[in-house]
Each structure stands twice: as structure tokens, then as C-alpha cells.
Amino acid sequence: MKNLSIAIITLLAFYSCKGQDLLTEKNNFTKQDTIRGSITPEREWWDLTYYHLDIEVKPDDKFISGKNTIQYKVIEPKQVMQIDLQEPMVISKVIQDRKELEVTHIGNAHFIKLVSKQNIGDIKSLEVHYKGNPREAKRAPWDGGFSWKKDENGKHFIATSCQGLGASVWWPNKDHMYDEVDSMLISVTNPKGLMNVSNGRLRKLVENENTVTSHWFVNNPINNYGVNVNIGDYVNFSEVYEGVKGDLDMDYWVLSYNLEKAKEHFKDAPKMMKAFEHWFGPYPFYEDSFKLVEVPYLGMEHQSSVTYGNQYMQGYLGRDLSGTGWGLKFDFIIIHEAGHEWFANNITNKDIADMWIHEGFTAYSENLFLDYHYGKEASADYVIGTRANVQNDKPLIGVYNVNNEGSSDMYYKGANMLHTIRQLIEDDEKWRQILRGLNSEFYHKTVTTKEIEDYISQQSNIDLTAFFNQYLRDVRIPTFEFKIEDGELKSHYTTILEGFDMPIQIKIGDETQWIYPKAIWQTMPFTGTELEVDRDFYVMAKRL
Ligand SMILES: [Zn+2]
């Protein structure tokens, strides 16, 4: 509640200074950022229940048009609703109870004045009609939008991607992570000869005169950026995977000329499912099936329709991000993007500032895939190898309420932070139960960092408050400084926040033992001449 009231006060302050324009300096966020990134009063009073997105895509004109029917439950009896849709897309009309409604605009936020009385508990819906040439992706998926590409045969090959940027880049919605619909229907009309693949299951395919309409139903909560449209000359193959919750349909949609290649290459998908159901618990969307869908960009964690563009290579476009060789044992995009089904799609951050919950755990999932199939040493090699990618430029957590992501260190610093917790718990089965417990405790929910921190501290019986502050909210990696002299080991931590006192294991010859460094120097008897800090702990070691 505290954060929320701060958000609202900030928002009101912004509302009252209308002349304020774009501020570009670091950490100076604009009014648009606040309206986009906070739970505004015009968002807070209603709870999303259902979307029916119904659009036609005209590839030759790079044009889309249609409507989103938004169903919601009234929590507070307010009369103004915020819907987001980014320029240059335009809302043509909004209808509720057969009446066209008045809409005012502040940039990409649209405020709809509702005429029908909104009573607490009512389930209401409205239709937002819209059209335009959506922003073209500049460098999908990072700088996203619509990718209007052609395949090797010159046929249209189209896909959407909008993480961070927001789904409102191509369809009107409540564009904030905290509120997800309970289910969704996605209807897409496109030229004949091409197929659209979206999230969930194909419910119906309707042939029109020159077009075809596919209706895809998602029977689970879904975040906005997870919703996607992929149109191409697709062919399909599938398998039934015997999962921990029963039969799971796994479907693969690839360009017609890649079918044989994909049949061989996508064998990583059931291997992925085996490893992740072991470590994280049941795949969270059995009702919706699991799909891999080929796209003209690298890939994205679109829920139940993970998009794939790693060009049928091992690693990350043929590269090993860990530099150890283990990264070439799997297709990075299949493993990483599917890992997000548990962390991002099942457990979703409420505010994108907490995106490390998506990327930290998912980067960590890469090494758990290796752990399952190649053993613990391989997995440790891999995750420790990825430390070379850490910049320590900014904290992992971004700025709240302004749609701001933290440092890209959320991937590999996040993964190594989790790997370190595994060492502190010193009981792999318990750690596995915590990872599985997160996925059942926060099943289909949106969460804050605090909830994740508290859950791990409680379940592990270790107070990780200072630990999380250090790795999530500070840029410094703790340094273990030590001296060995006169039969004594003198040691302490530097580059730490107050209260950080994580125990670590050190190796002296063949012996391993726990020690308990703090900020102040401590002395203990020591017979050896060398020591080594166990590499599994993410600290720097410095002998003075
Ligand atoms: Zn990711």
C-alpha cells in the first residue's frame, strides 16, 4: 500500500504541471512514464477478467485494424478508465452498452468517460476499436513492435514482440504488469495462404473469401507482452509429452522449408520439459499446450507459444555465453525462453523494475537444465562462466512506477546470486522444493521482489535481507580480503552494505570449511599457507 500511495501522489504532482515536457536526464522520468508505469487511479478501480482481441492484419500495407473487447470487474465505483495504445495507432471509437463514449488523451494513455453506472462487483465490458500502421520493430525483440519480414520464398513472415515497450504498441489494453486477464481469445484475420499462430489453443479456423481467420483461446492468466501474433507459411508437427500432470501437447510451428531440420533440432524441447518439471514443478499451462513458433527474430517467452529464431543452432546463435563449452550442449533460445514459462509467465513481476524475477531465475534455469542432464559440475561451470558477462553498472532492481528495467546484470548476476543461495542452503533437495514452492505459492500470480525474498528466507530458515540488498540493490560484489601470517588467518569483507555477513566455504588443501566473515577483521588460527574460496560463492577474493 505504501508504494501505491507514493505512486498516486507522484502522479497527481505530474498531472498538476501540464507544461512539463520530456526530460531526458537519467532518472528524470516523464509524466508519460508515470502514467504508463504506475497503478493510476484510472487503472486501480477495475480488475481485468477477459480480453477478446479481434484484428485483421494486412501485410502489404503493414496495417492492422480491429477491436479489443475488454471485460472487467468493478472494484470501486469510478467512471473514468485508462486504456493504453501507443502512437501512431489510433482509437477510432469506444462502445459500452451500445453507446459511443467520449475519450480524452494524454499521449499514449486514453481516458474513457463511462456513462453506465459502474457498481462494485459488476462484470462489465467495452469495445475499443482501433487501427493504424503499428511501430515497426527496429531490433526485435529488444526494440520491438511489428516485424514485417519475408521468408526465403518471398512469402510474408510477420511477428510481434513488445517486452518493455509494452503490448499497447500494437493493441489497446491496460498496459501494466500488475493486472492480468483470467483468459483471452485472440482472433486474427490474414491473407489466405498464410497461417497465424498465437497463444493457447487453436479453437477454430474460418476460411473467408480472400482471408482466413484463426481463433486462439488462452485458458489461463496471461501478461500483455506475452500475447503475440505470428504469421507465416507455417507447417505443424507435434508430440504428446508424458508430463507430471499427465499428457501435455507440445506443438511446433515452423516455416515449411525448415520442417525436417526442426524435427531433429526441437528434440531439446522435451529434454527441457523433463529438466524444468523436475526443478520447478509442473509446466504451468497444460490447458493451453506448449508451442515453439518460428519467427524472424531471435525469440521471446510468449506464453504457451514460445517464439524461436535461433536459426537451428546450438548455444546463442552458435555462441556459448559461459565460455566453458557447456553452453553449446543446448539451443539457448529453446531452454531460456521456455524457462520463462515458470518465471515471467507463471510468476510475473508486478512492476517491471522487478524484472530480475523473470531474467535472474530464467538465466539460472539454463544451468539447471545442464544439472539435470549433465550433472552438478557442468551446471556450476556454466553459471560461474557466465559471470564474465556481468557489468556491475546499475542495480538489478530498476526504478518503480515508471516502467523502468534494472541493469542487464539481472541475467547473470541474478543467476549467480541464486547459485550462491543454493550453497548457503547446502541441501539441494530443499533448494529444489523452494524453487517448486515458489511456483505453487505464486501460481499464476503477479509478485513483488519483497514477496520472493520473504518466501526464500522463510523456507530456507536463513535471514537473507542483507544478502538480497547487496546483490539486488547495490552494484558491488562483496570482496573477501584476507592475510595469512604467523599461523593466523585474518579476514573480513569489504565493498559490502552494512549488515552483510554471508558465510562462505574455503578450501585448505583437500579440506573444506565454513567461515563467517564480517565487515570487521577477524582472526583465527591457521596452519596452511594457501586458501581458496569455493568458486560457487559469488564473491571476490583478495589476498593482502
Ligand atoms: Zn529472458
Side-chain angles (χ1 to χ4, degrees), residues 26-27 321-323 353-357 359-361 363-364 367 380 383-400 404-426 449-450 452-453 456-457 460 462-485 488-508 512-524 526 528 530-544:
K26 204 184 161 199
N27 286 357
L321 294 181
S322 75
D354 289 336
M355 191 173 154
W356 77 271
I357 298 167
E359 299 302 349
F361 281 96
Y364 182 66
N367 96 90
V383 69
I384 292 164
T386 62
R387 286 178 194 166
N389 303 316
V390 175
Q391 310 282 319
N392 292 313
D393 56 348
K394 291 190 294 181
L396 265 56
I397 296 180
V399 180
Y400 290 103
N404 176 257
E405 294 169 12
S407 166
S408 60
D409 284 349
M410 68 177 87
Y411 291 80
Y412 294 110
K413 189 170 172 183
N416 276 284
M417 178 187 82
L418 295 168
H419 184 68
T420 303
I421 297 175
R422 178 180 182 172
Q423 316 312 315
L424 296 173
I425 291 174
E426 215 186 0
T449 289
K450 177 85 169 63
I452 300 296
E453 288 178 65
I456 298 176
S457 280
S460 64
I462 304 170
D463 181 357
L464 293 165
T465 310
F467 174 90
F468 280 122
N469 283 338
Q470 182 75 41
Y471 288 99
L472 295 174
R473 300 180 178 90
D474 196 282
V475 296
R476 298 167 299 167
I477 303 300
T479 305
F480 172 71
E481 278 187 345
F482 66 98
K483 294 179 207 171
I484 300 168
E485 56 192 17
E488 285 179 333
L489 171 66
K490 294 190 170 86
S491 66
H492 80 148
Y493 275 132
T494 59
T495 60
I496 52 165
L497 291 172
E498 202 182 323
F500 181 88
D501 60 355
M502 176 179 76
I504 50 173
Q505 289 191 308
I506 55 170
K507 287 180 179 168
I508 308 149
T512 299
Q513 72 174 84
W514 284 98
I515 59 164
Y516 302 85
K518 298 186 171 33
I520 54 158
W521 284 94
Q522 297 182 102
T523 303
M524 58 186 260
F526 191 83
E530 298 278 356
L531 73 78
E532 195 188 322
V533 174
D534 185 328
R535 65 177 190 147
D536 291 315
F537 293 81
Y538 191 20
V539 296
M540 316 292 274
K542 191 172 165 193
R543 184 169 182 169
L544 299 179

Problem - CG-CG distance between Leu464 and Asn469, expressed to the nearest 0.5 angstrom - result: 10.5 Å
Practice task
Mind checking side-chain contact (heavy atoms from CB on, under 4.5 Å) for Val390 and listing every partner two or more places apart, or none if nothing turns up?
Solution key: Asn392, Asp409, Tyr412, Lys413, Tyr538
Exercise for the section: Using the test salt bridge (Lys or Arg N to Asp or Glu O under 4.0 Å), find all partners of Arg473 that sit at least two apart in sequence or belong to another chain. Expected result: Glu453
Problem - Atom pair CG/OG of Leu396 and Ser408 - distance to nearest 0.5 Å - result: 9.0 Å
Practice task
Name the orientation class of the two ring planes belonging to Tyr471 and Phe467 (parallel below 30°, tilted from 30 to 60°, perpendicular beyond 60°).
Solution key: tilted
Exercise for the section: Answer yes or no: is there a donor N or O on one side and an acceptor on the other, between the side chain of Asp354 and the main chain of Thr449, under 3.5 Å? Expected result: yes
Fill in the blank from the handout: salt bridge (Lys or Arg N to Asp or Glu O under 4.0 Å) filter on Lys518, not counting sequence neighbours, yields none
Problem - Pairing residues for Glu426 by the salt bridge (Lys or Arg N to Asp or Glu O under 4.0 Å) criterion, not counting sequence neighbours - result: none
Handout entry: Interatomic spacing from CG in Leu424 to OG in Ser460 - rounded to 0.5 Å
Key = 8.5 Å
Report all side-chain donor-acceptor pairs from residues 494-508 shorter than 3.5 Å, counting only partners two or more places apart or in another chain.
unit_1	atom_1	unit_2	atom_2	d
Thr495	OG1	Ile477	O	3.0
Thr495	OG1	Thr479	N	3.2
Thr495	OG1	Thr479	OG1	2.9

Practice task
Could you tell me the separation between the CE atom of Met524 and the CD atom of Gln513, rounded to the nearest 0.5 Å?
Solution key: 4.5 Å
Exercise for the section: May I have all residue pairs that pass salt bridge (Lys or Arg N to Asp or Glu O under 4.0 Å) and include part of residues 532-542, sequence neighbours excluded? Expected result: Glu377-Arg535, Asp381-Arg535, Glu481-Lys542
Practice task
Answer yes if the ring centres of Phe361 and Trp356 are under 6.0 angstrom apart, and no otherwise.
Solution key: yes
Completion exercise
Output for pair (Asn389 CG, Asn416 CG), nearest 0.5 Å, gives 10.0 Å
Exercise for the section: Measure from the side-chain N and O atoms of His492 to the backbone N and O of Ala519, and report whether any donor-acceptor pair falls under 3.5 Å. Expected result: yes
